[in-house]
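Everything on this sheet refers to the single structure shown next.
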Amino acid sequence: MSLDNTPAQSQLGRASAYADRYDPTLLFPIARATQRTAMGIAENALPFFGADLWTAFELSWLNARGKPQVAIAHFTVPCETPNIIESKSFKLYLNSFNSSVFDSVDAVRERLRSDLAEAAWRGSDRSGGIGVKLLAPEAFDREPVHELDGLDLDRLDIECTHYQPAPELLSSDSSQPPVTETLTSRLLKSNCLVTGQPDWGSVRVSYSGPAIDQAGLLAYIVSFRNHNEFHEPCAERMFWDIWRHCKPTKLSVYARYTRRGGLDINPFRASWPQALPPNIRTARQ
C-alpha cells in the first residue's frame with residue numbers, strides 16, 4: 001500500500017515556520033511508485049539496485065549542559081524503500097534538533113535512524129533500515145573533495161537542441177566488440193518538480209556492452225535541462241533510458257547534485273549488486 005502524499009501537499013514553495021524543537025512529524029514521505037509507474041518501471045521488479053546518498057551540512061543540537069553541538073551527517077536510503085523523503089521537510093526536521101537536548105551523539109544518531117526509517121518505509125508491509133553516519137568536527141578536515149572519475153564527455157563540441165528528456169538521442173554500436181568504460185559530465189541540470197528552481201549536478205555513467213555514442217549521451221544528459229523532476233527519479237530515468245536504448249550488459253548511473261538548504265542528494269543505481277560509491281562531494285557541492 002503506497003502513500004497518498006503528493007509533492008503539491010509538501011512544504012515546497014510555501015512559507016514555513018522553522019521549528020527548533022524536535023518534531024519528527026515534519027518529515028514528508030512521497031511514494032516512489034508514482035514516478036516509476038509513469039516511466040514503465042514495475043515497483044515489484046526493479047531493474048536496478050542502489051541507494052540515495054544524502055549529506056546534511058547543517059546539523060546541530062544541544063548537549064546535556066545546553067552547549068550547541070555540530071556534525072556533518074551522511075544518510076543512505078536504499079532504493080527499495082517505498083518512499084523518498086521530500087528534501088524541504090528533511091531540512092525542517094533537521095532544524096527541529098537545533099534547540100533540543102540530547103544526552104549523546106549516539107542518541108542523536110539513533111533518533112535520526114529511527115525517524116527516517118519510519119518515514120522511508122511508511123505505508124509498506126515491509127520494513128528496513130536507513131544508514132546514518134555522523135562526523136564530529138575533528139573529522140571535518142579529513143572530508144575529501146573529488147570530481148567523478150571517468151572520461152569527460154563535456155570535452156565534446158556538440159550542438160544541443162533538446163531540453164526535455166530525449167531518449168531517442170541515445171544509441172550504441174553492437175557491430176563492434178563490447179567495451180567497458182566510465183563517462184562523466186558536469187552539465188546535468190533539472191528543476192524541482194514543484195517550485196521549478198534549478199537543481200545542478202554531475203553524473204557518472206559506467207557500463208559494459210556495445211559502445212555508447214558519446215555525443216548522443218552528452219546531448220541526452222543536457223536534455224534534462226528544463227525537466228521538472230526530483231533528483232531520485234531523474235537518475236532512475238537516465239538508467240532506464242540508457243538500459244533500454246543502448247542495451248548494455250552492465251550499467252550504473254550515479255548523480256551528484258549540489259546542495260540546497262544544507263542538503264545534497266546523490267542517487268546511485270546499478271544493474272547488479274555492488275558496494276555503494278563513497279559519499280565524497282564534488283567541488284561544486
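The model shown is predicted, which means the values in this text are computed figures rather than measured ones.
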Hydrophobic cluster membership, with links at side-chain heavy-atom distances under 4.5 Å among I/L/V/M/F/W/Y: are Tyr163 and Trp200 in one?
no
Euclidean distance, Ser185 OG relative to Arg155 CZ, rounded to 0.5 Å
11.0 Å
Residues in side-chain hydrogen bond (donor to acceptor under 3.5 Å, both in side chains) with Gln197, at least two apart?
none
Verify same cluster id: Val203, Ile265 (apolar side-chain graph, 4.5 Å)
no
Apply side-chain hydrogen bond (donor to acceptor under 3.5 Å, both in side chains) to residues Thr182 and Asp149 and explain how you reach the verdict.
CA-CA 8 Å; Thr182 297; Asp149 292 318; over 6 Å; no
Locate the shortest heavy-atom distance separating Glu118 from Arg122; write the atom from each residue and the value.
OE1-NH2, 2.7 Å
Closer than 3.5 angstrom, by distance alone: can the side chain of Arg126 be matched with the main-chain N or O of Glu80 as a donor-acceptor pair?
yes
Hey, are Asn266 and Gln285 close enough side-chain-wise for a donor-acceptor pair under 3.5 Å?
yes
Side-chain cluster (under 4.5 Å, hydrophobic types only) that Leu148 belongs to, other residues
Leu53, Tyr254, Phe268, Leu276
Taking transitive links into account, so neighbours of neighbours count too, which hydrophobic residues share a cluster with Trp272 at under 4.5 Å side-chain distance?
none
Between Tyr22 and Leu59, is there a shared hydrophobic cluster once you connect ILVMFWY residues whose side-chain heavy atoms come closer than 4.5 Å?
yes
Are the side chains of Leu251 and Phe48 in touch, meaning some heavy atoms are under 4.5 Å apart?
no
Non-hydrogen side-chain atoms of Leu116 and Val77 separated by less than 4.5 Å
no
d(Cys160 SG, Arg225 CZ) to nearest 0.5 Å is 9.0 Å
Evaluate side chain to side chain contact (heavy atoms under 4.5 Å, CB included) for Trp61 paired with Val105, printing each intermediate quantity in order.
CA-CA 9 Å; Trp61 66 95; Val105 66; 4.1 Å; yes
Is it true that Arg21 and Asn95 share a donor-acceptor pair across their side chains at a distance under 3.5 Å?
no
Does Ser114 use its side chain to pair, donor to acceptor, with the backbone of Glu110 at less than 3.5 Å?
no
Quick check for you: to the nearest 0.5 Å, what is the distance between Asp264 atom CG and Arg281 atom CZ?
9.0 Å
Does any donor atom in the side chain of Asn98 or Ser60 lie under 3.5 Å from an acceptor atom in the other side chain?
no
Spatial distance of atom OG1 (Thr258) from atom CG (Leu263) [nearest 0.5 Å]
12.0 Å
Applying side-chain hydrogen bond (donor to acceptor under 3.5 Å, both in side chains) to Glu229 and not counting sequence neighbours gives Gln35, His227, Arg237
So which heavy atom on Cys234 is nearest to which on Tyr257, and how close?
CB-OH, 3.6 Å
Assess Arg269 against Phe49: is NZ or CZ under 6.0 Å from the centre of the six-membered ring, and within 45 degrees of the ring's axis?
no
Phe239 with Met39, same ILVMFWY side-chain cluster at under 4.5 Å
yes
Listing, residues 129-144 side-chain donor-acceptor contacts under 3.5 Å, not counting sequence neighbours, or none:
unit_1, atom_1, unit_2, atom_2, d
Arg142, NH1, Glu138, O, 3.4
Glu143, OE1, His74, NE2, 3.2

Pairs where residues 186-213 contributes a residue and the test salt bridge (charged side-chain N to carboxylate O under 4.0 Å, His left out) is met, not counting sequence neighbours
Glu147-Arg186, Asp152-Arg186, Asp199-Arg260
If you look at every heavy atom in Leu170 and Gly216, which pair is closest and at what distance?
CD2-O, 4.4 Å
Close side-chain approach of Ser89 and Leu26, heavy atoms under 4.5 Å
no
Among residues at least two apart in sequence or on other chains, which ones pass side-chain contact (heavy atoms from CB on, under 4.5 Å) with Thr180?
Ser208
Which salt bridge (charged side-chain N to carboxylate O under 4.0 Å, His left out) pairs, counting each pair once, include a residue from residues 26-38, with sequence neighbours left out?
Arg32-Asp52, Arg36-Glu43, Arg36-Glu236
Please report the closest heavy-atom contact between Gly150 and Thr184, naming both atoms and the distance.
CA-CG2, 3.8 Å
Tracing side-chain links under 4.5 Å among I, L, V, M, F, W and Y, which residues wind up in one group with Leu62?
Val101
Inter-residue atom distance Ser172.OG - Ile242.CD1, 0.5 Å rounding:
11.0 Å
Could you tell me whether the side chains of Ser104 and Asp106 share a donor-acceptor contact shorter than 3.5 Å?
no
Under the rule for side-chain contact (heavy atoms from CB on, under 4.5 Å), what residues qualify as partners of Pro178, not counting sequence neighbours?
none
Does Asn228 reach the side chain of Cys192, with side-chain heavy atoms less than 4.5 Å apart?
no
What I'd like to find out is whether the side chain of His162 reaches to under 4.5 Å of the side chain of Val222, using heavy atoms alone.
no
Non-hydrogen side-chain atoms of Asn83 and Ile30 separated by less than 4.5 Å
no
Short side-chain donor-acceptor distance under 3.5 Å, Tyr93 and Asp23:
no
Any Leu94 side-chain heavy atom under 4.5 Å of Leu112 side chain
yes
On a heavy-atom basis, the closest approach of Leu218 and Leu187 is CD1-CD1, 4.1 Å
Mind checking whether Glu159 and Thr161 have side chains closer than 4.5 Å, heavy atoms only?
yes
Phe75 and Phe90: aromatic ring centres closer than 6.0 Å?
yes
Could you state the interatomic distance from CD1 (Ile212) to OG (Ser171), rounded to the nearest 0.5 Å?
9.0 Å
Could you walk me through whether Leu156 and Gln214 satisfy the side chain to side chain contact (heavy atoms under 4.5 Å, CB included) test, starting with their C-alpha distance in whole Å, then the side-chain angles of each, then the deciding distance to 0.1 Å, before giving a yes or no?
CA-CA 8 Å; Leu156 301 173; Gln214 294 182 10; 3.9 Å; yes
By side-chain hydrogen bond (donor to acceptor under 3.5 Å, both in side chains), which residues pair with Asn226, not counting sequence neighbours?
none
Please check this pair: side chain of Glu181 against backbone of Val179, looking for a donor-acceptor N/O pair closer than 3.5 Å.
no
Can you get from Leu151 to Leu153 by hopping between Ile, Leu, Val, Met, Phe, Trp and Tyr side chains that sit under 4.5 Å apart?
yes
Using side-chain hydrogen bond (donor to acceptor under 3.5 Å, both in side chains) as the criterion, list what pairs up with Lys91, not counting sequence neighbours.
none
Taking all non-hydrogen atoms of both residues, which atom of Ser202 and which atom of Leu188 are closest, and how far apart?
O-CD2, 4.2 Å
